[in-house]
> 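Have a look at this one before I ask anything.
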Amino acid sequence: MKTVLAFLAERRANAAIEFALIAPVLAAMLIGLVDFGRMTFERSDMLAAARSGSQYFMAGGTDTARAQTIIESAWTHMPASAVVNVHRLCECAGAAAQCYQPCADGSVPVSYAVIELSAELDGVFVDYSNAASDKVRIR
């Protein structure tokens, strides 16, 4: 009994024991923080690629294949699971219409370029499915 009380009263190794208990928690928090920062950077990179496609259309571009190439080259850290979809959409009075035929009232359909991006962002603790889309009016 005396040795147990002597062991509990000993204070020389308290700091080492406390560090051994808290170090795994701190390491997991650090890894989680770095992982969250990396996933945030990858999402920002994806949104910047979508903006580059939008800027192509706003500058007068009309070729959806060229826009897709621009988006894929602007997406610097594009994951293997990434999907880039660029297509045209035309509307007459808010309803879908053929792009190369006049509306029922004789007006020209409003033309849009739709950019859709999606990717699976892999993390250490969690995987994050991310999607972005943009709709740009083409003149």
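Side chains included, hydrogens not; waters and symmetry mates left out as well; all remaining heavy atoms used. The model shown is predicted, which means the values in this text are computed figures rather than measured ones. Numbering of residues begins at 1 and proceeds along the displayed sequence.
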> A quick test of your reading: do over 12 heavy atoms of other residues, nucleotides or ligands sit less than 6.0 Å from OH of Tyr112?
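Buried by this count: over 12 neighbours within 6.0 Å.
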> Group every Ile, Leu, Val, Met, Phe, Trp and Tyr by side-chain heavy-atom contacts under 4.5 Å, then state whether Leu121 and Trp75 land in the same group.
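In one cluster with Leu121: Trp75, no.
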> Hey, what do you get for CG (Asn130) to CD (Glu120), rounding to the nearest 0.5 Å?
9.5 Å
> Say whether Val136 and Tyr56 are linked into one hydrophobic cluster, either directly or through other cluster members, by side-chain heavy-atom distances under 4.5 angstrom.
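As far as the 4.5 Å side-chain criterion goes, Tyr56 and Val136 are connected within one cluster.
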> So how far is it from Ser54 OG to Ile70 CD1, rounded to the nearest 0.5 Å?
11.0 Å
> Which pair of non-hydrogen atoms, one from Gly94 and one from Glu91, has the smallest distance, and what is that distance?
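Looking at all heavy atoms of both residues, the shortest contact is CA-OE1, 4.0 Å.
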> Backbone N or O of Thr69 within a donor-acceptor pair of the Ser73 side chain at under 3.5 Å?
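Here the side-chain-to-backbone pair exists.
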> Check for me, please, whether Ile138 and Met58 land in the same ILVMFWY cluster - side-chain distances under 4.5 Å, paths through other members count.
yes
> Out of curiosity, does Leu30 fall in the hydrophobic cluster containing Phe36 (side-chain heavy atoms, cut-off under 4.5 Å, transitive links)?
no
> Under 3.5 Å, is there a donor-acceptor pair between the Thr64 and Arg88 side chains?
no
> Looking only at atom types and distance, does a side-chain atom of Asp127 sit under 3.5 Å from a main-chain N or O of Gly123, one as donor and one as acceptor?
yes
> Is any side-chain N of the basic residue among Arg66 and Glu72 closer than 4.0 Å to the acidic one's carboxylate O?
no
> Give the cluster check for Tyr128 versus Val126: same hydrophobic cluster or not, with ILVMFWY residues linked at side-chain heavy-atom distances below 4.5 Å.
yes
